[in-house]
2 protein chains.
Amino acid sequence: MDLRHLATLDAVAAEGTFGKAADRLGYTQSAVSQQVAALEKAVGGAVFDRPGGPKPVRLTPLGEVVLAHGRELLARAAATEDAVERFKAGEGRVDIGTFQSVTNVILPAVVRQILTEHPAADIRLFEEETDEPSADGLDLVFFDGRVKDAEQVKILDDPYVLVARRGQFPEGPVPLTALHGAAMVAQPPICDQARVERVYADAGVAPLIVFRTADNRGVISMVRAGMGLAVMPRLALDVASDDLSAHELQPALAPREIYLAWQANRTLSPLATRVIELTKQTAAQL
Amino acid sequence: MDLRHLATLDAVAAEGTFGKAADRLGYTQSAVSQQVAALEKAVGGAVFDRPGGPKPVRLTPLGEVVLAHGRELLARAAATEDAVERFKAGEGRVDIGTFQSVTNVILPAVVRQILTEHPAADIRLFEEETDEPSADGLDLVFFDGRVKDAEQVKILDDPYVLVARRGQFPEGPVPLTALHGAAMVAQPPICDQARVERVYADAGVAPLIVFRTADNRGVISMVRAGMGLAVMPRLALDVASDDLSAHELQPALAPREIYLAWQANRTLSPLATRVIELTKQTAAQL
DNA sequence: AAAAGCGATAGATTCTGCTCATGTCAACCA
DNA sequence: TGGTTGACATGAGCAGAATCTATCGCTTTT
């Protein structure tokens, strides 16, 4: 049973004669006749009564059964083509792995723009703390560092700054050695934080870490409360604040590199491609 | 877009490689490769990522869209074939035009048997008083007389009998002339009743019709009540009754002929065909 | 570096599906 | 009543599609 045969069945049922259906479909009467014959062979019985003479054909009861189902099939086929077109235009779902800084600074603009372009887009964000991410199950993953076995683009360099209460240090750079023995608030030692602490160690600087939390806002709050200093990526410092100051470190730490990654050699959906584009644009403006 | 291509897509997605899908479908790997290529051309994009080497292929996002819709289509196609099979086995709907005697005497047995054979059969009865029936809209029509422009079979001859209160006439035949001047209850003069009354007139018999009703049971009730005599087809006298007696008339009226008709040159559904068969069998037992 | 697994491709062949021309049948008309 | 008309069926021929066989090229694994 072939969709084309069902379309022909439908046309003949609507037009009443093979010839008119042929005109509508751009075939000859002979072709329609043969298609109907093929369909009848497939279903094992006549779908039209042919009265003979100049009378139109009429559906048999079997023909009505086949036509009813056939219309359903044709509608589904049309819906399929439609869905493909919409997919190519950017509809669909995209699952994105992210983390705090990106969620707060980069993604809002990207999501807003995507939803403006494609109101039917289905964006899902997953913010899971992982040390070594893989893009399994996700379409796109933000990560602060390279991702193994994945295609990726570097979104931006996010420099580390020292955060302190305003007035604690004069404006301008602060030597890294100033951290030696200082009370500090920090992230748990995963992801890029581990690298940062290795830099301290290599420089012979041993800060006194008095509190760790994965919540950047929590880190900032504790700095503001006077619990200690913090070294954090500038993006994590997403709120301007009168009572805090940010300082470059000397020597500067290598910046945190933020990558957007996806599974290698996989075709991306147009929606995901657009997300990458917009992410690059957004990051370039920072 | 072809159903066969979608079936191939499904098989490849399930098996992971073109070759295994080919085995399952009875094709060669080459054929599957070409079918997938054709499908990809139809939807305008790749549906599989081919990693190369001994790795299995993977659906692209587009492929997932197409496959989701494709499975739906394939399921509908299977459902269609199933519906055709069930139709050929006797499921479906049949609309039957009937009238009182047939409804009460013949159809119960037929309906019971059909519903035993095909619990999903959808039998609809239409009891409309018409003088000249046509089978438009109906699959089968019972009628007491020939139906013009229709195929038909005679179901049975239904002899007319005189119905009287028991004891009013001695057992056995009653001369037609006994009706002259007699009070009678009768059907409205349509259908076969008109023919009956012409027979009276031709025989010079002029009964006094005191009540007409289309309801056979009403006729009988009024006879029982002593309102008069009645001449009615034996089938219409479907209740045995101690206080009534039935008599042949002399000369006998030509019996009412009951036909089962359907539109000429139309293919009947297996269900309708079965109804015709069962009707003949049932009538033969009367 | 060789072997194995897998998809793509070229060429040959078979099938399918279409068109054109013609046949056949029933209703209509003169 | 016999020709005409309108409609479907059928046969021949051809073009294109689908399939198979064989082979190529790529990637991973050994």
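Letters A, B, ... are given to chains in the order of the sequence lines, protein chains preceding strands, and every chain is numbered from 1.
In this structure, B:Q29 places its CD atom 15 Å from P of D:dC24, rounding to the nearest Å. Between B:N265 atom CG and D:dA7 atom P there is a gap of 18 Å when expressed in whole angstrom units. The distance between atom CG of B:L39 and atom C1' of D:dA17, rounded to the nearest whole Å, is 16 Å. For the pair A:R50 CZ and C:dA26 P, the computed distance is 15 Å after rounding to whole Å. Put simply, CG on B:D49 is 15 Å from C1' on D:dT27, counting in whole angstrom units. What separates CG of A:D149 from P of D:dT28 is a distance of 11 Å, to the nearest Å.
Looking at heavy atoms from C-beta onward, B:P56 lies out of side-chain contact with B:K20 at the 4.5 angstrom threshold.
Side-chain atoms of A:S30 and base atoms of D:dC8 include no donor and acceptor less than 3.5 Å apart. For a distance-only test at 3.5 Å, the side chain of A:Q34 qualifies as a donor-acceptor partner of the base of C:dT19. For B:S33 against C:dT9, no side-chain N or O and base N or O form a donor-acceptor pair under 3.5 Å.
Salt bridge status for B:R195 with B:D192: present, with a side-chain N to carboxylate O gap under 4.0 Å. Comment: B:R58 does not engage B:D49 in a salt bridge, judged by the lack of any side-chain N to carboxylate O separation of less than 4.0 angstrom. Taking 4.0 Å as the cut-off between side-chain N and carboxylate O, A:K280 and A:E277 do not count as a salt-bridged pair. A salt bridge links B:R86 to B:D82: at least one charged side-chain nitrogen sits closer than 4.0 Å to a carboxylate oxygen.
A residue-by-residue look at A:P51 and A:H5 shows that A:H5 has its nearest nucleotide of DNA chain C further toward the 5' end. Heavy-atom nearest nucleotides on DNA chain C were determined for A:G52 and for A:A38, and the one closer to the 5' end corresponds to A:A38.
Backbone-only contact: B:Q35 has heavy atoms under 4.0 Å from sugar-phosphate atoms and none from a base. Contact annotation for B:A31: backbone-only contact, meaning every heavy-atom pair under 4.0 Å involves sugar-phosphate atoms and none involves a base.
The stretch residues 54-64 of chain A comes close to DNA chain C through A:P54, each having a heavy atom under 4.0 Å from the strand. Taken residue by residue, residues 15-25 of chain A places heavy atoms nearer than 4.0 Å to DNA chain D at A:T17, A:F18, A:G19.
More than 12 heavy atoms of other shown residues, nucleotides or ligands fall within 6.0 angstrom of atom NZ in A:K88.
Nearest heavy-atom pair, B:D139 versus B:W262, reported as atom, atom and distance to 0.1 Å: O-CB, 3.2 Å.
Distances shown here put every side-chain N or O of A:Y27 at or beyond 4.0 Å from the OP1 or OP2 atom of C:dT19.
Partner of A:T8 under the side chain to side chain contact (heavy atoms under 4.5 Å, CB included) criterion, out of A:L3, A:D2, A:V32: A:V32 alone. In summary, of the residues considered (A:D95, A:V94, A:I96), a side chain to side chain contact (heavy atoms under 4.5 Å, CB included) with A:L138 occurs for A:D95 alone.
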Please table the atom pairs, donor to acceptor, closer than 3.5 Å between any side-chain atom in residues 63-75 of chain B and protein atoms at least two apart or in another chain.
from, atom 1, to, atom 2, distance (Å)
B:H69, ND1, B:V65, O, 3.2
B:R71, NH1, B:D10, OD1, 2.4

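You'll find that the side chain of B:R4 is closest to D:dA18, out of D:dA18, C:dG17, D:dA9.
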